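All values reported here derive from a predicted model rather than from experimental measurement.
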Amino acid sequence: MIGKKIGELEIGQKEFVQKTISETDIYLYAGITGDLNPAHINEEYAKNTFFKGRIAHGMLTAGLISAVVGMRLPGPGAIYMAQELKFTAPVRIGDTIKAEGEVIELIQEKNIAVIKTTCTNQDGTVVLTGTATVKPPK
């Protein structure tokens with residue numbers, strides 16, 4: 001399985017993955033990373049926060065972008081070089097997140113693709129924006 005090479009990419013090309021965030025996802029992410037922030041895992045604590053309830057880890061949401069880069073655009077064999085992120089709205093248990101990548105720049109001589117990254121929830125609310133810099137497979 002090999003992803004798209006630099007010559008197979010075009011400006012404006014898009015791909016996405018979609019996932020409904022479960023309570024299990026949040027607990028597994030907390031356990032894997034050690035991020036046990038009570039805003040994510042303790043409802044009693046979280047209901048007294050700015051968000052009035054538990055939210056998913058921001059980096060759990062950002063991980064869906066990694067799935068786009070690693071599996072769809074460019075896909076298998078791509079190497080992540082950088083990711084700029086801005087979290088714009090909370091993600092809650094039960095939200096269905098669409099993570100989308102769009103090629104916005106190609107630097108052929110360096111084998112680099114710049115991809116605009118956006119995550120939206122089921123209501124169309126943007127929850128994350130950013131830019132990924134990747135090396136497509138050779």
Side-chain angles (χ1 to χ4, degrees):
M1 217 166 124
I2 297 289
K4 297 167 187 70
K5 297 178 178 143
I6 193 84
E8 299 172 302
L9 297 173
E10 299 176 5
I11 302 295
Q13 192 171 4
K14 293 181 182 181
E15 287 287 347
F16 73 93
V17 299
Q18 194 165 293
K19 177 173 181 31
T20 300
I21 304 300
S22 70
E23 185 172 36
T24 300
D25 295 325
I26 292 171
Y27 282 124
L28 287 172
Y29 187 87
I32 290 166
T33 63
D35 182 353
L36 303 173
N37 183 329
H40 307 304
I41 62 169
N42 184 318
E43 184 61 37
E44 287 304 307
Y45 172 89
K47 69 183 177 185
N48 294 313
T49 67
F50 175 79
F51 295 112
K52 306 294 184 212
R54 290 170 52 200
I55 58 171
H57 300 76
M59 294 307 288
L60 171 58
T61 304
L64 298 177
I65 294 169
S66 182
V68 173
V69 169
M71 298 307 296
R72 306 275 172 110
L73 188 67
I79 303 299
Y80 232 129
M81 296 174 60
Q83 176 73 55
E84 174 251 319
L85 297 169
K86 181 177 180 183
F87 301 99
T88 56
V91 172
R92 300 182 186 280
I93 295 167
D95 281 353
T96 299
I97 302 300
K98 179 181 180 183
E100 184 173 62
E102 177 184 358
V103 177
I104 59 171
E105 183 180 358
L106 294 169
I107 306 167
Q108 299 271 349
E109 63 278 5
K110 292 185 178 181
N111 191 44
I112 291 175
V114 180
I115 300 171
K116 176 183 171 186
T117 55
T118 309
C119 292
T120 54
N121 68 15
Q122 66 281 352
D123 299 322
T125 301
V126 175
V127 300
L128 181 154
T129 62
T131 307
T133 304
V134 303
K135 281 194 172 283
K138 291 231 176 200

Is there a side-chain contact between [X] and [Y] (heavy atoms, below 4.5 Å)?
X    : Y    : answer
L85  : M59  : yes
L73  : L9   : yes
N121 : V91  : no
L128 : I65  : yes
E23  : R54  : yes
T49  : P38  : no
I112 : K135 : yes
D35  : H40  : yes

Atom pair [atom1]/[atom2] of [X] and [Y] - distance to nearest 0.5 Å:
X    : Y    : atom1 : atom2 : answer
T20  : D95  : OG1   : CG    : 8.5 Å
I93  : Y27  : CD1   : OH    : 7.0 Å
K116 : E105 : NZ    : CD    : 14.5 Å
H57  : I41  : NE2   : CD1   : 7.0 Å
I115 : Y80  : CD1   : OH    : 8.0 Å

For [X] against [Y], the heavy-atom pair lying closest together:
X    : Y    : result
F16  : R72  : O-NH1, 3.0 Å
F87  : G58  : CE2-O, 3.2 Å
V126 : T129 : CG1-CG2, 3.4 Å
E15  : V68  : O-CG1, 3.9 Å
A67  : V17  : CB-CG2, 4.2 Å
N111 : P136 : ND2-O, 2.9 Å

Step through the shown structure and confirm whether more than 12 heavy atoms of other residues, nucleotides or ligands are within 6.0 Å of OH on Y45.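 Result for OH/Y45: open.
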
Any link between [X] and [Y] through a network of hydrophobic side chains (Ile, Leu, Val, Met, Phe, Trp, Tyr) touching at under 4.5 Å?
X   : Y    : answer
L36 : Y29  : yes
F51 : I21  : no
V69 : L60  : yes
I2  : V103 : no

Residue of the set E102, Q83, E84 for which side chain to side chain donor-acceptor pair (under 3.5 Å) holds with T117: Q83

